[in-house]
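Inspection log for the structure reproduced underneath, given as structure tokens.
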Amino acid sequence: MSRIYILFILLVASAADAYEEPEYEVLQQTEDYEIREYASYLVAETRISGDFDHSGNAAFRRLAGYIFGDNRRATQNGSDDIESVSMKMTIPVTRERIEDEEGRSTVYRFVMERAYDRNSLPEPNDERVTLKEEPGGQFAALHYRGRITEERFLKYADVLQASLERDGLTTIGKPISAVYNGPFTPPMFRRNEVLIRLSRDQER
């Protein structure tokens with residue numbers, strides 16, 4: 001294996017590590033999944049009609065627009081002036097399928113930097129982007145690599161759900177897709193995860 005190729009692998013593998021992600025503690029690790037305790041964190045989210053494979057570009061443009069300056073907040077000098085704020089990209093980008101009055105939709109979420117709280121976050125200019133706090137708790141996580149498609153996500157979500165049922169763990173809500181790398185990362189180096197919230201009313 002050439003030195004250039006080794007360097008390429010190291011650069012790609014460490015790229016996602018440069019971004020901030022929510023705080024969590026690994027409580028248990030099995031051959032099939034990991035159990036984590038997450039602290040609560042803030043997100044910007046938007047809802048798009050359609051499936052994973054056809055809604056991502058529109059969602060990403062909205063959320064990226066918000067963190068890169070399509071927002072507003074009062075300036076820090078005490079005046080009535082308004083400023084926009086450019087924030088850093090974080091990981092993961094999550095998406096979750098929901099059923100609503102409009103049919104099947106996908107909710108996309110960007111994690112906000114821990115340097116901000118709800119009072120210091122700027123407000124979105126796009127009314128389709130909303131801010132909320134994701135409550136902490138215990139989640140099961142299954143890691144996989146490769147391309148991001150709804151079919152592959154559902155496949156691994158079924159694998160994780162079956163493993164948790166086998167081990168007697170009760171889940172809450174629907175599986176969440178978590179993506180840690182950009183689209184230009186080679187599929188073999190991508191970090192993708194299925195996350196499922198766990199009930200606390202059980203012994204481990």
Side-chain angles (χ1 to χ4, degrees), residues 16-48 52 56 59-60 62-64 66-67 71 73 85 87-100 105-124 128-144 148 153-154 156-181 190-204:
D17 294 337
Y19 296 106
E20 183 181 290
E21 61 181 288
E23 293 181 294
Y24 67 82
E25 176 186 0
V26 177
L27 303 179
Q28 181 182 349
Q29 195 152 14
T30 75
E31 292 183 358
D32 302 313
Y33 58 84
E34 187 172 84
I35 296 179
R36 303 170 181 168
E37 178 80 35
Y38 277 88
S40 61
Y41 57 94
L42 295 169
V43 298
E45 70 173 32
T46 192
R47 181 177 301 185
I48 303 282
F52 284 6
F60 192 88
R62 288 181 195 173
L63 295 174
Y66 166 69
I67 68 169
N71 56 56
R73 73 174 181 186
V85 180
M87 295 173 280
K88 296 178 182 177
M89 189 69 194
T90 60
I91 52 175
V93 176
T94 67
R95 51 189 176 180
E96 180 180 359
R97 293 304 305 270
I98 62 170
E99 304 285 342
D100 57 20
S105 300
T106 304
V107 174
Y108 287 78
R109 300 183 180 97
F110 275 17
V111 178
M112 299 290 97
E113 293 178 77
R114 293 195 291 269
Y116 294 93
D117 59 26
R118 187 59 187 88
N119 293 325
S120 60
L121 271 178
E123 293 299 317
R128 297 170 298 180
V129 176
T130 57
L131 306 176
K132 61 175 288 191
E133 180 177 314
E134 285 292 296
Q138 291 185 9
F139 287 79
L142 181 149
H143 171 81
Y144 65 100
I148 310 299
F153 165 72
L154 292 174
Y156 286 103
D158 288 343
V159 169
L160 177 56
Q161 189 72 60
S163 297
L164 297 173
E165 291 176 1
R166 177 200 64 204
D167 294 342
L169 298 178
T170 304
T171 61
I172 302 173
K174 295 184 177 181
I176 298 168
S177 168
V179 176
Y180 291 81
N181 303 99
R190 291 178 184 174
R191 175 188 173 190
N192 312 312
E193 291 179 342
V194 180
L195 300 174
I196 303 180
R197 183 180 289 273
L198 298 176
S199 170
R200 289 189 179 277
D201 300 328
Q202 54 198 334
E203 294 292 332
R204 300 235 200 282

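The first residue in the sequence is number 1, and the count goes up from there.
Residues I196 and F139 are not in side-chain contact: their nearest non-hydrogen atoms beyond the backbone lie 4.5 Å or more apart. Counting heavy atoms from C-beta on, the side chains of V179 and P92 never come closer than 4.5 Å. Proximity of M89 to I67: side-chain heavy atoms (C-beta onward) are separated by under 4.5 Å at one or more points. The shortest distance between side-chain heavy atoms of T90 and M112 does not fall below 4.5 Å. Taking 4.5 Å as the limit, every side-chain heavy atom of Y66 sits out of range of all side-chain heavy atoms of T46.
S163 pairs with exactly one of L142, T30, D32, L169 by the side chain to side chain contact (heavy atoms under 4.5 Å, CB included) rule, that one being D32.
Taking the six-membered ring for Trp and thresholds of 30 and 60 degrees, Y24 and Y38 have ring planes inclined between 30 and 60 degrees apart.
One finds no salt bridge joining R47 and E45 here, because no Lys/Arg side-chain nitrogen approaches an Asp/Glu carboxylate oxygen to under 4.0 Å. Taking the charged nitrogens against the carboxylate oxygens, E123 and R118 do have a contact shorter than 4.0 Å, which makes a salt bridge.
The closest donor-acceptor contact from the side chain of Y41 to the backbone of E23 lies at 3.5 Å or more, if one exists at all.
Side-chain N/O atoms of N192 and Y156 include no donor and acceptor closer than 3.5 Å.
Crowding of K88 atom NZ: a count of heavy atoms from other residues, nucleotides or ligands under 6.0 Å not exceeding 12.
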Q: Starting from the C-alpha separation in whole Å, work towards a yes-or-no answer on salt bridge (Lys or Arg N to Asp or Glu O under 4.0 Å) for R109 and E134.
A: CA-CA 10 Å; R109 300 183 180 97; E134 285 292 296; 3.7 Å; yes
